J.: 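Take this structure first; my questions come after.
This one's a predicted model, so the numbers in the text were calculated from it and none came from an experiment. Chain A is the first sequence line, chain B the second, and so forth, proteins listed ahead of strands; every chain is numbered from 1.
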Amino acid sequence: MNQVTVTLPDGSSRTVPTSTHVRDVAEGISPRLAKAALAGLVDGTLVDLSYPIEKDGSVRIVTDSSPEALPLCRHSTAHLLAAAVTHLFPGAQCGIGPATEEGFFYDFIVDRPFVPEDLEAMEKKMKELAAQDLPYERQMWPRDDAKAFFAKRGEPLKVQLIDEKTAGQREVSCYTIKDPDTFIDFCVGPHVPSTGRLKAFKLLNTSNAYWKGDARNQPMQRVYGTAFLADKDLKAYLTQIEEAKKRDHRKLGRELGLFTFHHWAPGAAFWMDKGATLYNILANYMRDVLFPAGYVEVKTPLVYNKALWERSGHWQHYRQNMLLIESEGETMSVKPMNCPGHFLLYASQVHSYRDLPIRFHEQTPLHRDEASGVLSGLTRVRQFSQDDAHCFVMPEQIGDEIERLLRLVQRIYGDFGLEYTAKLSTRPEQFLGEIATWNHAEGQLKQALEKAGQAYTVNEGDGAFYGPKIDFDVTDAIGRKWQCATIQLDYAQADNFDLKYIGADNGEHRPVVIHRAIVGSFERFIAILIEHYAGAFPLWLAPVQAIVLPISDRHLTYAASVRDQLKAAGLRGELDERQEKIGYKIREAQLQKVPYMLVVGDRESAEGTVSVRSRSGGDQGASSIDDFIALARDEVRTKASSSTPVTKGSTTDATEQNGEARKDKARQQ
RNA sequence: GCUGGCGUAGCUCAGUCCGGUAGAGCAGCUGAUUUGUAAUCAGCAGGUCGGGGGUUCAAGUCCCUCCGCCAGCUCCA
């Protein structure tokens, strides 16, 4: 009999008969391993346990603890869902059902949209099928037979998939879950050996989707779910979704009196006094950071003639998101970005090489006429402002400037206790300019990243067509990722706007433009901060830093003087002068997440003190007013963080359905 | 923009299936209470049921339409 030699991860090897199944290799290693086995990795390819080994090579058994296990299990769970749906909805057509970062989905064409009760029924059916521990069996069908089979069964989408995915193959692989109705699906696999291995899954929601994600194609019903290898991981994930819901900035924004919306101004926030305070704290914080870093603050017009947008290219590429206005027969647009205004401003003067880099910072409002369906709380709005800036540099200054920017990013995210990662995006297929210029620019970005000690990943070909860029994802207290900062090199617009500087050689030269934002839109960043801190802002950000709570009316005068002293010391102090019991006032202040409550009664009025109660630590005892002020100012100065992280899920980052790493790159230009 | 769900008092929600002139809790207001570390008691007031149109003797409830919100999709210089 022919034999093959398999090499195991520990370096040892065994000789087994040709066509030995992966399962049997596991069995040969240890029965326990065979029992735990979910799949195999043969020469680096993930395969079923039933995969026959035909040639010498490496074999690794995939178990619960392997990194491959989770996506595998999710994919198999998607199949289980499809099996359940075909049971419950005879005639349902199956689309595709992949594993995703958070779980899985499967798309179906059905007669009517799914409702929540359908999800319950599906999940119940899935649990039944899992309890029966039905095997996932791989079958190789002649291609034409498979097509004929799916065509006959009324699944033209599957026929289309076979056509597209297996051109030139004689056989295609299908998987069946051997239940009484024998659910069969065209699929490359692999899958877990049987449905009994799927122990922790939950269907989450349904939504509309289109075949191949194209709105011109048939609308389908998508069912989202998630699955884990262990029940405790699923529970942790669901807990985290709950936690994310509790932190939802839309809910907290209302409860904490920060902002509101009105249907007559969709996509634009109304900032209430406390929200406006927070907004201004952030805006001024950015000014405080950027001014010493060599930036100047400018203000440029909100509305420009169409001619400007034609020059910048926005008219050709971005018009659908621009709010147009007619004025005296001229077409104008509210600015969606600051860049063109900054170019005009730069070009309004002659610049010497001695003055570069020139860094324009601007916080005026922008308007992007986003499609109504994409608006969402503060994270996707039509009106917002940014910590926007454009740095005009000589080509040889790029490296230094990027390095300075990386340090700014480090410092700023550090102040908010946000972890982050960096991504370098390089030359796309369609690009402007010379390859040599691109290579040089990418090299300078890499060098700057390394010099600044900034870890990063590379996204090949994901740069803007006018230049490479570095994007940053921040991770909040419950593990969700959000894209905020972006640093983009631009070689195109200096030409478009004929920007120049006079060099040491007394000749005219083109500067390079660096577009950059660090917090991005203040609106969106505030949403992130609300969810990051769960509304309990550290003292330096809290709209109300301390509230004075008199015990009874006779302490009002003293309480007011305490409040006034706080204000005089630059602290945001308030006074609760309602005739309520102290417990009531404390409860309210606590729910409003005010960092410090200062209780004043007979003792305190007599001694000139306050009883300090902290939001997180409870009663701190008496303190002189001056001592409290000194302590609070120190806490503000150090930006001490009091974020409230929760236990992280053991196997995955938390998400909130609408929140995670939105794809809307800060669309700067 | 597309698909689906939703829209009742400031907030959270009941009432909508089977049409018969709106209900609770919290918040608010008024009064009493003068209070020591997470909710004092009582009373009062509050809604063109998202807007418009239609069906009907009668519409929060049924139909059409518009707007907004939510979840996705799509888009994202």
J.: Hydrogens and angles aside, do A:Q592 and A:K274 bring a side-chain donor and acceptor to less than 3.5 Å of each other?
T.: yes

J.: Does CZ in A:R510 sit with more than 12 non-hydrogen atoms of other residues, nucleotides or ligands closer than 6.0 Å?
T.: yes

J.: Looking at A:H390 versus A:F360, is the centre-to-centre ring distance below 6.0 Å?
T.: no

J.: To the nearest Å, how far apart are A:F105 CZ and B:A71 C1'?
T.: 15 Å

J.: Which base sits across from B:G68 as a Watson-Crick or G-U pair, both distances under 3.5 Å?
T.: B:C6

J.: Mind checking the P distance from B:A22 to B:C26? Whole angstroms is fine.
T.: 23 Å

J.: Over how many whole Å does the gap from A:W264 atom CH2 to B:G52 atom P extend?
T.: 11 Å

J.: Please measure how far the C1' atom in B:G10 lies from the corresponding atom in B:A27, and state the result in whole Å.
T.: 7 Å

J.: Are any of the side-chain heavy atoms of A:P336 and A:N321 separated by less than 4.5 Å?
T.: no

J.: In whole Å, measure the gap between the P atoms of B:U8 and B:C70 for me.
T.: 14 Å

J.: Roughly, in whole Å, what's the span from CG in A:L375 to P in B:C6?
T.: 21 Å

J.: Expressed in whole Å, how much space separates the P atoms belonging to B:U3 and B:C66?
T.: 11 Å

J.: Within this structure, what is the CD-to-C1' distance between A:E102 and B:A71, rounded to whole angstrom?
T.: 15 Å

J.: Atom CD of A:E255 to atom P of B:U12: distance rounded to whole Å?
T.: 9 Å

J.: Return the value, rounded to whole Å, for the distance between atom CG of A:L378 and atom P of B:C70.
T.: 10 Å

J.: Between the protein and nucleotides 35-40 of chain B, which nitrogen or oxygen pairs are less than 3.5 angstrom apart?
T.:
from  : atom 1 : to     : atom 2 : distance (Å)
B:U35 : OP2    : A:R554 : NH2    : 3.4
B:G36 : O6     : A:D602 : N      : 2.8
B:G36 : O6     : A:R603 : N      : 3.3
B:G36 : N1     : A:E604 : OE1    : 2.9
B:G36 : N1     : A:E604 : OE2    : 3.4
B:G36 : N2     : A:R603 : NH2    : 3.3
B:G36 : N2     : A:E604 : OE1    : 3.4
B:G36 : N2     : A:E604 : OE2    : 2.4
B:G36 : N2     : A:S611 : OG     : 3.3
B:U37 : O2'    : A:R613 : NH1    : 3.0
B:U37 : O2     : A:R613 : NH1    : 3.3
B:U37 : O4     : A:S611 : OG     : 3.4
B:A39 : N9     : A:R587 : NE     : 3.4
B:A39 : N7     : A:R587 : NE     : 3.2
B:A39 : N7     : A:R587 : NH1    : 3.1
B:A39 : N7     : A:R587 : NH2    : 3.4
B:A39 : N6     : A:R587 : NH2    : 2.4
B:A39 : N1     : A:R587 : NH2    : 3.0

J.: Find the partner of B:C17: check Watson-Crick (N1-N3 plus N6-O4 or O6-N4) and G-U wobble (N1-O2, O6-N3) distances, both under 3.5 Å, and reply none if neither fits.
T.: none

J.: Any strand is fair game: report the nucleotide pairing with B:G46 by Watson-Crick or G-U wobble, both distances under 3.5 Å, or none.
T.: none

J.: Decide whether a cation-pi geometry holds between A:R222 and A:F105; the criteria are a distance under 6.0 Å from NZ or CZ to the six-membered ring centre and an angle within 45° of the ring axis.
T.: yes

J.: With a 3.5 Å limit on both atom pairs, tell me what B:A22 is paired to, counting Watson-Crick and G-U wobble, or say none.
T.: none

J.: Can you check the A:K246 NZ to B:U12 P distance for me, whole Å?
T.: 18 Å

J.: Evaluate the salt bridge (Lys or Arg N to Asp or Glu O under 4.0 Å) criterion for residues A:E370 and A:R380: first the C-alpha distance (whole Å), next the side-chain angles of each, then the deciding distance (0.1 Å), finally the verdict.
T.: CA-CA 8 Å; A:E370 304 282 1; A:R380 199 71 187 268; 3.1 Å; yes

J.: Does A:K469 form a salt bridge (Lys or Arg N to Asp or Glu O under 4.0 Å) with A:D471? I'd like the steps, not just the answer.
T.: CA-CA 6 Å; A:K469 59 175 181 171; A:D471 291 322; 3.3 Å; yes

J.: Considering only atom C1', compute the distance from B:A14 to B:G47 and round it to an integer number of Å.
T.: 15 Å

J.: When you compare B:G52 with B:A71, how far apart are their P atoms, in angstrom units rounded to a whole number?
T.: 28 Å

J.: With a 4.0 Å cutoff (strictly under), does any side-chain N or O of A:R250 reach OP1 or OP2 of B:C69?
T.: no

J.: Return the pairing partner of B:C41 with a 3.5 Å limit on both distances, Watson-Crick or G-U wobble; otherwise return none.
T.: B:G31

J.: I'd like the P distance from B:G25 over to B:C62, given in whole Å.
T.: 27 Å

J.: Taking only side-chain N and O atoms of A:R254, does any of them lie within less than 4.0 angstrom of OP1 or OP2 on B:C69?
T.: no

J.: If we call it a pair only when both distances are under 3.5 Å in a Watson-Crick or G-U wobble match, what pairs with B:C73?
T.: B:G1

J.: Could you work out, with ring pair (Phe, Tyr, Trp, His ring centres under 6.0 Å) as the rule, every residue matching A:F522, not counting sequence neighbours?
T.: A:Y279

J.: Given the P atoms of B:C49 and B:U61, what is the spacing between them in whole Å?
T.: 9 Å

J.: Please state how far atom CD in A:Q221 lies from atom C1' in B:G5, giving the value in whole angstrom units.
T.: 11 Å

J.: May I ask you to check whether A:F104 and A:F201 place their ring centres under 6.0 Å from each other?
T.: no

